[in-house]
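Taking it in order: structure first as structure tokens, then the write-up.
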Amino acid sequence: QVQLVESGGGLVQPGGSLRLSCAASGRIFSIYAMAWYRQTPGKQRELVATITLGDSTNYVDSVKGRFTISRDNAKNTMYLQMNNLKPEDTAVYYCNADIRVTMFDRNTYWGQGTQVTVSS
């Protein structure tokens, strides 16, 4: 059984910073692409940033220059450093990972989400 657990969310003032973490645990053979998504009530889940096994990254335009995605493969952990946060960044942030659990079984997994609130 694979679990993804996010942490690091909270309340921050506009212009502030937060660092989210996503730790994968369980029976893991290999982790391929990983990603951060976010969702606000009544809206579809939005892809925020992705990182490949080779550390290639992509970002939605609204966070470019402010957010940085990274991963530590030795720890099966992904991070999202969020700087210069804006009220519109308020959302529940979810991590997503493409994980091979055996030689023949590969699936996409989601974390439970962590709330980020940007407000004065």
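Model, not experiment: these values are computed from the prediction. No hydrogens, no waters, no symmetry mates; every other heavy atom, side chains included, goes into these values.
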Considering all heavy atoms, the nearest Ser17-Asn83 contact
OG-OD1, 2.9 Å
Disulfide (SG to SG under 2.5 Å): pairs with one or both residues in residues 46-91, sequence neighbours excluded:
none
Residue pair Glu88 / Val118, side-chain heavy-atom distance below 4.5 Å
no
Salt bridge (Lys or Arg N to Asp or Glu O under 4.0 Å) partners for Asp98, two or more places apart
Arg106
Evaluate Asn76 against Ser25 for side chain to side chain contact (heavy atoms under 4.5 Å, CB included), listing each step before the verdict.
CA-CA 7 Å; Asn76 288 338; Ser25 62; over 6 Å; no
Output every pair passing salt bridge (charged side-chain N to carboxylate O under 4.0 Å, His left out) with a member in residues 73-87, not counting sequence neighbours, ordered by first then second residue.
none
What's the spacing between Thr68 OG1 and Tyr59 OH if we round to 0.5 Å?
4.5 Å
Euclidean distance, Arg27 CZ relative to Ile99 CD1, rounded to 0.5 Å:
13.5 Å
Of all heavy-atom pairs between Arg66 and Asn84, which one has the smallest distance, and what is that distance?
NH1-O, 3.0 Å
Could you name each residue pair satisfying ring pair (Phe, Tyr, Trp, His ring centres under 6.0 Å) that touches residues 61-93, not counting sequence neighbours?
none
With sequence neighbours excluded, residues passing side chain to side chain donor-acceptor pair (under 3.5 Å) with Thr57:
none
Residues passing the salt bridge (Lys or Arg N to Asp or Glu O under 4.0 Å) test with Lys64, sequence neighbours excluded, are Asp61
Neighbour count >12 (heavy atoms, 6.0 Å) for atom CD, Gln39:
yes
Where at least one partner belongs to residues 66-120, residue pairs that pass disulfide (SG to SG under 2.5 Å), sequence neighbours excluded:
Cys22-Cys95
Test of understanding: with salt bridge (Lys or Arg N to Asp or Glu O under 4.0 Å), list the residues that count as partners of Arg100, not counting sequence neighbours.
none
Partners passing salt bridge (Lys or Arg N to Asp or Glu O under 4.0 Å) against Arg71 (at least two apart in sequence or in another chain):
none
Here the pair of heavy atoms bringing Ala91 nearest to Thr40 is CB-CG2, 3.7 Å
My understanding is that a hydrophobic cluster links ILVMFWY residues whose side chain heavy atoms are under 4.5 Å apart, including indirect links. Using that, what else belongs to the cluster containing Leu53?
Tyr32
Donor-acceptor under 3.5 Å (Gln81 side chain, Arg19 main chain)
no
Tell me whether Gln1 at atom CD has more than 12 heavy atoms from other residues, nucleotides or ligands lying less than 6.0 Å away.
no
Looking at every heavy atom in both Ser120 and Pro14, which two are closest together, and how far apart are they?
N-CD, 3.7 Å
Heavy-atom check, side chain of Tyr109 versus side chain of Val101, under 4.5 Å
yes
Over all atoms of both residues, closest heavy-atom pair of Val12 and Leu18:
CG1-CD1, 4.0 Å
For Leu20 and Trp36, the nearest pair of non-hydrogen atoms, with its separation, is CB-CH2, 3.7 Å
Give the intermediate values and the outcome of side chain to side chain contact (heavy atoms under 4.5 Å, CB included) for residues Gln13 and Leu85.
CA-CA 8 Å; Gln13 291 187 340; Leu85 282 159; over 6 Å; no
d(Leu80 CG, Glu6 CD) to nearest 0.5 Å is 11.0 Å
Taking only residues at least two apart or on different chains, which pairs with a member in residues 30-49 satisfy salt bridge (charged side-chain N to carboxylate O under 4.0 Å, His left out)?
Arg38-Glu46, Arg38-Asp89
Please write out which residues are connected to Tyr37 in a hydrophobic cluster, directly or through intermediates, given that two of Ile, Leu, Val, Met, Phe, Trp, Tyr count as joined at side-chain heavy-atom separations below 4.5 angstrom.
Leu47, Val92, Tyr94, Trp110
Asn96 pairs by side-chain contact (heavy atoms from CB on, under 4.5 Å) with which of Thr50, Thr108, Leu4?
Thr108
